[in-house]
2 protein chains.
Amino acid sequence: MSVNASSLLPYVEKIERRRPLSDEARAAFLALPVQLESYGTYQSILNEGERPDRCCLIVEGVVSRYKSLKNGRRQINSFHYAGDMVDLQAAILTVADTGIRTHTPTKAVRIDCEDILDLAEKYPEWARAFWFDTQVDASIFREWTLNVGQRTAVERVAHLLLEISARLESIGQSDGKEFVLPVTQADLADAVGLSAVHTNRSIQQLRHSGALRTHGRKVVIENYPALAKVASFDRTYLHPEGPRR
Amino acid sequence: MSVNASSLLPYVEKIERRRPLSDEARAAFLALPVQLESYGTYQSILNEGERPDRCCLIVEGVVSRYKSLKNGRRQINSFHYAGDMVDLQAAILTVADTGIRTHTPTKAVRIDCEDILDLAEKYPEWARAFWFDTQVDASIFREWTLNVGQRTAVERVAHLLLEISARLESIGQSDGKEFVLPVTQADLADAVGLSAVHTNRSIQQLRHSGALRTHGRKVVIENYPALAKVASFDRTYLHPEGPRR
DNA sequence: CGGCGGTTTGATGTGACTCAAAAAGAGTGG
DNA sequence: CCACTCTTTTTGAGTCACATCAAACCGCCG
């Protein structure tokens, strides 16, 4: 298998887990010219306000999308893992309303926006796949707004941990019980709209309640039902059922 | 013009403001069979968790999408106005992760999800239009997460008012300075993650600063630059520039 | 003129923030 | 394997923004 195909495969697998592609459509995607790039920890992939001409598919590592205010406060909008097309929005929106940066050493491939649009134009199934992907993204954003807008500190942190767990599980990096937390508590704080100190205290509270344990970066969910209950976590919003068509 | 076409026209106009459609594509949309429905104030159009088979296009009135917690707390995720296809997500996501309800007397047309998908399959320009619409939606959700996650009470309220103003302006219901606020303060509160009381006090603060005035439901922006500054409002996230293609 | 949704006010409580510093890990080089 | 540094997590103390509760007020409509 070519370098291209092997780095693009995780995304195809993610799409086909939801709904199989025709051989022709799959092949067309895997034949796209790509450019593999490596990043260190906390490196910028895209800045807010830029006009990117390429999309970004994560091959390895963890990145986040964020928006920031002039006073320095930052909101992380989403975390992305291997197989995620982070910047699908770049294909059709000309100006980036979020920045993208890494949280671990990361490998990513860049795909030309025009190639994505051509694919969507030629293959309705790809148009639908990209659209579905964007809809799931949007659904997650809605849940995050609910999270920071209405839940208490402990609930927010619990919810985020469960989401991370679920998403890592879908790419084989968690067994649903135990996973390596790919980000620091300060980053979690930026994602749930709390201070780092209070995020830490919320995690401690979850530990003391017996819902989870941590060993360094490793998180062990001790009592999933209890954790899901405090977080009111319901994975419907991740839309694991796939698209209607 | 048929009843169908006249109620569907506002959406076509919104789409074509961004990028013109081919005559054929336009005609195909306007020929869709639709069902016009009327709702009163605070009526439910869709409940969380349902499996709708039709999308919903607002002809007249204001509706919101929301998510709620078992303790009764509610987060409004978006407001929608005439010409908005509120429930485009229903076309491709099988289960609704948000509810939809009206805030004013509302007229809406229901379009079969399968018709939407057929249109996207047959006309790549429609597939792109729907995808773009969803991307803009997602961008607004990201901004709302930033709003509730990182801004202070006064900033949040100012930002929401400016967004409402900008969106009403694009459909001719505001001149950019003066508009009729289509929702109550309690609803604003649910949208910005504050209590109704504190939302009220934040509005008062904006009034006392001279940034805006209110006469009943009418809002008059007295000092747009000042208001935009406190809100750090920048309409880039509404993507008025339209799609790349 | 009475009733009702919506707005406004006041008083009080508290969850989360800030600042600052200590403790614990993780990585690097001698 | 230990010393050193840098990052991340944890602790403590004091403060403030926003929540809650309850009641008054206002404007609109029948």
Side-chain angles (χ1 to χ4, degrees), chain A residues 40-43 62 69 71-76 101-105 147-161 180-208 212-219 230, chain B residues 40-43 62 69 71-76 101-105 147-161 180-208 212-219 230:
Chain A
T41 300
Y42 290 134
Q43 263 189 279
V62 173
L69 299 174
N71 62 15
R73 298 187 64 106
R74 182 202 325 260
Q75 176 68 45
I76 290 181
R101 61 178 192 146
T102 64
H103 289 260
T104 65
N147 209 36
V148 299
Q150 306 297 336
R151 285 197 257 251
T152 66
V154 173
E155 292 167 2
R156 288 184 214 185
V157 171
H159 194 279
L160 178 53
L161 291 176
V180 176
L181 186 65
V183 299
T184 67
Q185 291 183 8
D187 295 324
L188 292 179
D190 282 346
V192 294
L194 296 170
S195 68
V197 170
H198 205 64
T199 300
N200 176 270
R201 289 183 165 128
S202 301
I203 293 172
Q204 289 180 48
Q205 199 171 319
L206 290 170
R207 276 199 299 247
H208 295 150
L212 57 82
R213 262 184 312 138
T214 63
H215 295 95
R217 274 293 164 80
K218 196 174 72 177
V219 176
V230 307
Chain B
T41 301
Y42 291 134
Q43 261 188 280
V62 173
L69 299 174
N71 62 15
R73 298 188 64 105
R74 179 197 336 253
Q75 176 67 45
I76 290 180
R101 64 180 188 141
T102 63
H103 289 260
T104 65
N147 209 36
V148 300
Q150 305 299 335
R151 285 197 258 252
T152 65
V154 173
E155 292 166 1
R156 288 184 213 184
V157 172
H159 195 279
L160 179 53
L161 291 176
V180 175
L181 186 66
V183 299
T184 66
Q185 292 183 8
D187 295 325
L188 291 179
D190 282 347
V192 294
L194 295 171
S195 67
V197 170
H198 206 65
T199 300
N200 176 271
R201 288 182 167 130
S202 300
I203 293 172
Q204 289 179 48
Q205 199 171 321
L206 291 171
R207 275 199 299 245
H208 295 150
L212 58 81
R213 262 184 312 138
T214 63
H215 295 95
R217 273 294 161 79
K218 196 174 69 178
V219 176
V230 308

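Keep in mind that this is a model prediction, so the values were computed, not measured. Labels below follow one simple rule: chain letters A, B, ... track the order of the sequence lines, proteins then strands, and each chain is numbered from 1.
Looking only at side-chain heavy atoms (C-beta outward), B:Leu212 and B:Arg207 come within less than 4.5 Å of each other. Taking the side chain as every heavy atom from C-beta outward, A:Thr214 and A:Leu181 never approach each other to under 4.5 Å. Side chains of B:Val183 and B:Ile76 form no contact here, defined as non-hydrogen atoms less than 4.5 Å apart. When side chains are defined from C-beta on, B:Gln205 does not count as touching B:Val230, because their heavy atoms never get closer than 4.5 Å.
In the set C:dT8, C:dG6, D:dT8, the nucleotide with an atom closest to the side chain of B:Tyr42 is C:dG6.
Closest non-hydrogen pair, B:Val62 versus B:Pro182, comes out as CG2-CB, 3.4 Å. B:Ala153 and B:Ser202 make their closest contact through CB-OG, 3.5 Å (heavy atoms, listed as atom of the first residue, atom of the second, distance).
Across residues 187-196 of chain B, B:Gly193, B:Leu194, B:Ser195 each have a non-hydrogen atom less than 4.0 Å from an atom of DNA chain D (numbered order).
Remark: A:Gln204 is in phosphate contact with D:dT11, judged by side-chain N or O atoms under 4.0 Å from OP1 or OP2. Checking the phosphate oxygens (OP1, OP2) of D:dT10, a side-chain nitrogen or oxygen of A:Arg207 falls inside 4.0 Å.
Atom CG in A:Asn71 sits about 10 Å away from atom P in C:dT18, given to the nearest Å. The separation between B:His198 atom NE2 and D:dA17 atom C1' is 6 Å, rounded to whole Å. The distance between atom CG of A:Asn200 and atom P of D:dT9, rounded to the nearest whole Å, is 8 Å. Following rounding to the nearest Å, B:Ile203 (CD1) and C:dT9 (P) show an atom-to-atom distance of 12 Å. The distance from atom CD of A:Gln185 to atom C1' of D:dT8 is 8 Å, rounded to the nearest whole Å. Taking atom NE2 of B:His208 as the reference point, atom C1' of C:dT9 lies 12 Å away to the nearest angstrom.
Between the B:His208 side chain and the B:Gln204 main chain, a donor and an acceptor come within less than 3.5 Å of each other. At least one donor-acceptor pair closer than 3.5 Å links the side chain of A:Thr184 to the backbone N or O of A:Asp187. For B:Gln75 (side chain) and B:Asp190 (main-chain N/O), a donor-acceptor pair under 3.5 Å exists by modelled atom type. Side chain of A:Arg151 to backbone of A:Arg156: no donor-acceptor contact under 3.5 angstrom is found.
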Enumerate all atom pairs, one protein N or O and one N or O from nucleotides 12-15 of chain D, separated by less than 3.5 Å.
{"residue": "D:dG12", "atom": "N7", "partner": "A:Arg201", "partner atom": "NH2", "Å": "2.4"}

Below 3.5 Å is the cut-off: list the nitrogen or oxygen pairs between protein and nucleotides 22-27 of chain C, distance only.
none

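One finds the CZ atom of B:Arg217 at 10.0 Å from the OG1 atom of B:Thr104 (value rounded to the nearest 0.5 Å).
Taking the nucleotide of DNA chain C with the nearest heavy atom to each of A:Arg156 and B:Leu181, the more 5' of the two is matched to B:Leu181.
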